[in-house]
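Proteins come first, then strands; the chains are lettered A, B, ... in the order of their sequence lines, and each starts at number 1. All values derive from a computational prediction rather than experimental measurement.
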Amino acid sequence: MNDREGRIESNRMVAPGYFLMEIRLRGALTRPKPGQFIMLRIPGTEVFLRRPFGIYRYEKEKLTLMYRVVGKGTERLARAKENEPVAVLGPLGKGFHIGPRDHYIVVAGGIGIAGVHSLIETLGQKALILFGCGTKEELPIIEDLAPLKPMVSTMDGSYGLEGTVVDLLDSQLKSLKGNSEIFACGPEAMLTGLKKRIMEERIPCQVLVEERMACGLGLCFGCVRETIDETEPFKRVCKEGPVFDLWQIRL
Amino acid sequence: MANTSIELFGKTLKNPVMNASGTLGYGKEIEPLWPVETMGAYVTKGLSLEPHHGNPLPRIWDQQYGMINSIGLQNVGVERFFGHYFPFFRSRRIPIIVNFFGFSDDEYIRCAERIKPHELIVALEMNLSCPNVKKGGISFGKDPEMVYAIVKRVKEATSIPVIAKLTPEVKNIGEIASAAHEGGADGFTLLNTMPAAVVDVSQMRMPLRGGLSGPVMRPIALRAVFEISKAVPVPVIGAGGIMDSTDALAFLMAGAKAVQVGTATFVDPYAIPKIVEGIGEYLTRQKCANLDPIIGCTHREDSGSR
């Protein structure tokens with residue numbers, strides 16, 4: 001694995017607070033698996049540590065990231081201009097495992113879509129896509145998924161089902177026959193709600209979790225999640241994750 | 001090609017560069033990027049007698065010139081380290097320094113006793129920043145009497161050389177170093193992180209209290225290295241905000257025999273190999289055959305202001 005230099009090709013706001021960034025890399029990454037991530041650094045800025053980002057798309061040395069502005073790092077990223085140099089380390093972590101199933105359900109909440117976007121592209125028509133967000137203002141972030149007909153819920157009811165994406169999932173589960181697997185990424189409350197909802201059926205579910213990271217390589221133990229493993233309960237999100245079996249992690 | 005090797009406690013290390021404890025996982029994690037034996041020695045994660053799960057999240061926070069961490073010494077315990085991780089270093093013939101800690105005197109002693117001498121173990125590095133649970137949480141490393149007593153007992157419990165890793169959170173670090181030396185410390189690592197905090201103004205709360213590391217610590221560590229390496233006749237290992245080979249050379253010139261690189265690896269995962277290479281290149285450029293003219297060279301012209 002190498003630390004790849006690259007340049008920002010475009011960096012545009014796609015919905016209020018959401019940005020899509022395209023990076024042209026010098027040299028190819030090892031082919032990323034859906035769910036893997038990269039660590040990004042903008043050299044010579046006030047942002048000291050790299051930041052982790054899910055791989056939204058990767059094709060021929062062109063890396064696309066989607067991010068939401070939430071703090072100092074992403075605020076700086078939003079100000080980044082075309083042609084600005086960046087350093088990219090990756091792909092990192094363990095991605096989703098796609099086993100043989102009758103149905104694949106992808107559940108994404110808000111910016112959680114960035115973590116599962118490449119999975120959705122891999123699954124294509126085989127996936128039922130459920131997306132939840134606050135208001136219809138956020139919908140442009142799933143615009144490119146229109147051909148796959150994602151189902152939508154908004155908290156304010158301005159589009160699709162009024163309620164959470166877990167409510168949306170609830171409305172769909174009864175009609176599914178055969179064996180299914182859920183892939184999910186979204187805020188902590190969404191994961192907790194999801195676990196509670198599918199507890200009874202115990203549907204197989206892989207979740208991509210996000211955490212503050214320093215190294216992204218498993219060196220610092222800064223990004224752990226508690227699991228049910230009694231010997232070593234705290235697993236590193238960057239190394240043993242970021243994709244975990246929902247039934248293994250404590251929520 | 002200049003000779004970058006150093007002698008440390010009777011062992012030859014091929015260069016003076018190590019990782020700081022806890023910043024290179026259990027060693028193997030960095031191998032997709034570069035081989036661990038790039039360094040003169042690998043310093044283990046802090047090991048305790050029993051496995052330790054560490055602190056709740058968040059554990060890290062970005063600061064403009066460094067980072068604050070509160071990992072809380074998560075580790076698999078000394079037993080599992082030697083059963084599960086040490087064979088990797090043995091098979092590859094990689095020298096290691098074993099960092100360890102305890103929450104009581106007994107834990108320090110029993111942990112040190114479990115570490116059997118081995119040709120690849122260069123030294124034990126005592127983390128003295130640990131809170132002493134029995135004495136109400138006061139750090140072992142802040143009180144000279146406690147430092148003297150704990151180092152003395154550890155020395156009696158092991159035949160492996162003992163390095164005391166000191167905290168900067170003291171009024172007079174020279175006094176602490178003297179106490180450790182009197183207790184029998186064979187060397188020092190200077191410095192550990194500095195207690196620090198983060199306030200999230202928008203949420204009106206303090207999300208993290210932990211140890212500050214990174215470039216912001218460098219001048220503080222350099223001064224400690226300079227003064228203690230002059231005052232105490234044992235090897236000093238410099239640590240604190242070393243980001244590149246120029247920083248590493250500064251520590252060697254201030255009197256450190258070796259250096260440890262921590263936070264830099266998170267900013268640039270290739271920082272350590274770059275530092276190793278940069279030191280070699282500097283020696284060649286300066287036409288130095290080895291590190292002897294470099295280590296402690298500033299001691300000879302000590303006329304700077306206090």
Does atom [atom1] of [X] have more than 12 heavy-atom neighbours from other groups under 6.0 Å away?
X: A:Met199; atom1: CE; result: yes
X: A:Arg12; atom1: CZ; result: no
X: B:Arg92; atom1: CZ; result: yes
X: A:Glu5; atom1: CD; result: no
X: B:Met204; atom1: CE; result: no
X: A:Lys33; atom1: NZ; result: no
X: A:Arg197; atom1: CZ; result: yes
X: A:Glu82; atom1: CD; result: no

Let's test your reading of the structure: which of A:Cys215, A:Gly216, A:Ala214, A:Pro233 forms the most heavy-atom pairs below 4.5 Å with chain B?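 Among A:Cys215, A:Gly216, A:Ala214, A:Pro233, the one with the most close pairs to chain B is A:Ala214.
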
Can you check whether A:Phe221's main-chain N or O pairs, donor with acceptor, with B:Arg59's side chain at less than 3.5 Å?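 Flag set: sc B:Arg59 to bb A:Phe221 pair under 3.5 Å.
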
Residue, of B:Leu57, B:Asn19, B:Leu33, that accumulates the most heavy atom pairs under 4.5 Å with chain A: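 Highest number of pairs under 4.5 Å: B:Leu57.
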
Which pair of non-hydrogen atoms, one from [X] and one from [Y], has the smallest distance, and what is that distance?
X: A:Phe48; Y: B:Gly66; answer: CD2-O, 3.3 Å
X: B:Pro269; Y: A:Asp3; answer: CD-OD2, 4.4 Å
X: B:Asp268; Y: A:Arg50; answer: CA-NH2, 4.0 Å
X: B:Glu29; Y: A:Leu217; answer: CB-O, 3.6 Å
X: A:Thr231; Y: B:His53; answer: O-CE1, 4.1 Å

Would you mind checking which part of [X] comes under 4.5 Å of any heavy atom in chain A, side chain (CB onward), backbone (N, CA, C, O), both or neither?
X: B:Ser70; result: neither
X: B:Lys28; result: neither
X: B:Tyr65; result: backbone
X: B:Thr265; result: side chain
X: B:Pro51; result: neither

Would you mind checking which part of [X] comes under 4.5 Å of any heavy atom in chain B, side chain (CB onward), backbone (N, CA, C, O), both or neither?
X: A:Glu232; answer: side chain
X: A:Glu211; answer: side chain
X: A:Leu49; answer: both

Presence of salt bridge, A:Arg212 and B:Asp62, under 4.0 angstrom: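 No, no charged N to carboxylate O under 4.0 Å.
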
Please round to the nearest 0.5 Å and tell me the distance separating atom CD of B:Gln64 and atom NZ of A:Lys72.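 The distance works out to 6.5 Å.
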
